[in-house]
Protein chains: 2
Amino acid sequence: MTDTEIIKASQAICDALSAEEDGLKRDVLGHLGNTWSLLIIQMLGVNGKLRFSRLQEQVKGISQKMLTKSLRDLERDGLITRTMFLEVPPRVEYELTELGRGLLIQILPLWTWVLDQSDDFKMARSVFDEKAKKPIVI
Amino acid sequence: MTDTEIIKASQAICDALSAEEDGLKRDVLGHLGNTWSLLIIQMLGVNGKLRFSRLQEQVKGISQKMLTKSLRDLERDGLITRTMFLEVPPRVEYELTELGRGLLIQILPLWTWVLDQSDDFKMARSVFDEKAKKPIVI
DNA sequence: CAGGATCCGCTCTGATACTG
DNA sequence: CAGTATCAGAGCGGATCCTG
């Protein structure tokens with residue numbers, strides 16, 4: 001199967017998606033593009049259960065508001081679970097679901113790929129800077 | 001290699017990324033999360049070269065402004081090429097680069113995976129709706 | 001034809017202060 | 001401890017009008 005055939009086959013899959021399934025696809029992609037979602041997923045993947053404050057320590061730079069929001073979104077989409085313990089002081093633990101682990105596993109190869117292509121990316125960027133001064137015209 | 005080992009190994013890779021490489025990773029993820037980028041990449045993957053107006057037709061619902069912006073971003077990151085022909089009327093053709101095709105190929109398995117998990121996603125969502133009324137507490 | 005320029009509402013994000 | 005509430009700024013995204 002050539003690349004082109006793979007691409008066309010995959011387009012066929014996408015075209016066949018129901019509106020609901022397409023929404024799921026967008027949700028997943030939304031998490032991938034999100035600044036924090038993937039970092040949180042990875043932290044939970046590596047560490048297992050984590051409390052709110054541990055997460056905020058480990059995901060460097062995240063604000064409390066965005067951590068709360070990201071966790072809610074991840075929970076809504078079934079990628080993590082949230083367990084609240086009625087104690088004083090309060091305790092809440094977050095953990096990846098099977099779905100969340102699955103997504104993480106799916107994504108990991110991409111990072112290796114990006115690393116492999118990093119020279120190409122850098123070159124593309126510098127070429128673009130060149131073109132900004134002298135556009136390519138035929 | 002267990003899932004956990006894979007995850008930890010990948011974290012090691014990410015930790016080893018230089019600031020520059022980490023920026024590239026974020027750029028790539030940004031494209032994945034973008035509403036239009038992936039659609040454009042897929043259209044170009046399936047159709048090969050496409051003109052601006054053909055793209056706007058095929059990527060349903062995109063505005064002229066966002067198409068322009070998305071194409072610029074994709075070009076800057078080396079995923080597509082832009083070729084302008086000095087004619088009257090003007091003509092511009094967009095096409096995937098090798099890098100762009102590579103990214104598309106990397107992403108495609110994810111869509112199959114999402115489809116496979118779609119029942120799990122739906123169930124997670126409905127469980128979350130339940131919890132909104134009656135939070136799970138221990 | 002392929003966009004650039006402008007206006008405008010909306011969401012995302014951070015900072016700060018407060019609460020059960 | 002684990003959030004909620006509020007304010008403010010930046011950027012997204014669409015609609016419209018204009019140009020080489």
Residue list, salt bridge (Lys or Arg N to Asp or Glu O under 4.0 Å) with A:E21, at least two apart or on another chain: none
Check ion pair A:R125-B:D27 (N to O, under 4.0 angstrom): yes
Within residues 37-60 of chain A, find the residues that approach DNA chain C with a heavy atom at under 4.0 Å, and present them sorted by residue number. none
Can you check the A:L67 CG to D:dA2 P distance for me, whole Å? 10 Å
Could you label the plane-to-plane angle of the A:Y94 and A:F52 rings as parallel, tilted or perpendicular, counting under 30° as parallel and over 60° as perpendicular? tilted
Decide whether a cation-pi geometry holds between B:R76 and A:F128; the criteria are a distance under 6.0 Å from NZ or CZ to the six-membered ring centre and an angle within 45° of the ring axis. no
Side chains of residues 41-48 of chain B: which donor-acceptor partners sit under 3.5 Å, not counting sequence neighbours?
| unit_1 | atom_1 | unit_2 | atom_2 | d |
| --- | --- | --- | --- | --- |
| B:N47 | ND2 | B:M43 | O | 3.0 |
| B:N47 | ND2 | B:Q58 | OE1 | 3.1 |

What residues 27-34 of chain B contributes to the DNA chain D interface at heavy-atom separation below 4.0 Å is none
In whole angstroms, how far is the C1' atom of D:dG3 from the CG atom of A:L86? 14 Å
Indicate yes or no: at least one non-hydrogen side-chain atom of B:L99 is less than 4.5 angstrom from one of A:F121. yes
Mind checking whether A:I40 and A:L67 have side chains closer than 4.5 Å, heavy atoms only? yes
Within less than 4.0 Å of OP1 or OP2 of D:dT4, is there a side-chain N or O belonging to A:R72? yes
Pair listing, salt bridge (charged side-chain N to carboxylate O under 4.0 Å, His left out) test, anchored in residues 55-69 of chain A, at least two apart: A:R54-A:E57, A:K69-A:D73
Taking five pairs at each end, how big is the angle between the two axes of the helix from C:dC1-D:dG20 to C:dG20-D:dC1, to 10°? 50°
Less than 4.0 angstrom from a charged side-chain N to a carboxylate O is my criterion; do A:K49 and A:E95 meet it? yes
Where do N or O atoms of nucleotides 14-17 of chain D meet protein N or O atoms at under 3.5 Å, pair by pair?
| unit_1 | atom_1 | unit_2 | atom_2 | d |
| --- | --- | --- | --- | --- |
| D:dG14 | OP2 | B:S63 | OG | 3.3 |
| D:dG14 | N7 | B:K65 | NZ | 3.2 |
| D:dG14 | O6 | B:K65 | NZ | 2.1 |

What is the first contacted nucleotide of DNA chain C and what is the last, in 5' to 3' order, if contact means an atom lying under 4.0 angstrom from a heavy atom of chain A? C:dT13 to C:dG20
CG of B:L115 to NZ of A:K25: how many Å apart, nearest 0.5 Å? 10.5 Å
When rounded to the nearest 0.5 angstrom, what distance separates CG in B:L103 from CG in B:L38? 7.0 Å
Residue pairs fulfilling side chain to side chain donor-acceptor pair (under 3.5 Å) with at least one residue in residues 30-40 of chain B, sequence neighbours excluded: B:H31-B:S37, B:H31-B:D77
Mapping A:T35 and B:V92 to their closest nucleotides on DNA chain C, which lands nearer the 5' end? B:V92
Who else is in the cluster with A:V88 when I, L, V, M, F, W and Y are joined by side-chain contacts under 4.5 Å? none
In short, side chain to side chain donor-acceptor pair (under 3.5 Å) pairs touching residues 99-112 of chain B with sequence neighbours left out are A:T4-B:R101
Under the salt bridge (charged side-chain N to carboxylate O under 4.0 Å, His left out) rule, what pairs show up with a residue in residues 5-16 of chain A, not counting sequence neighbours? none
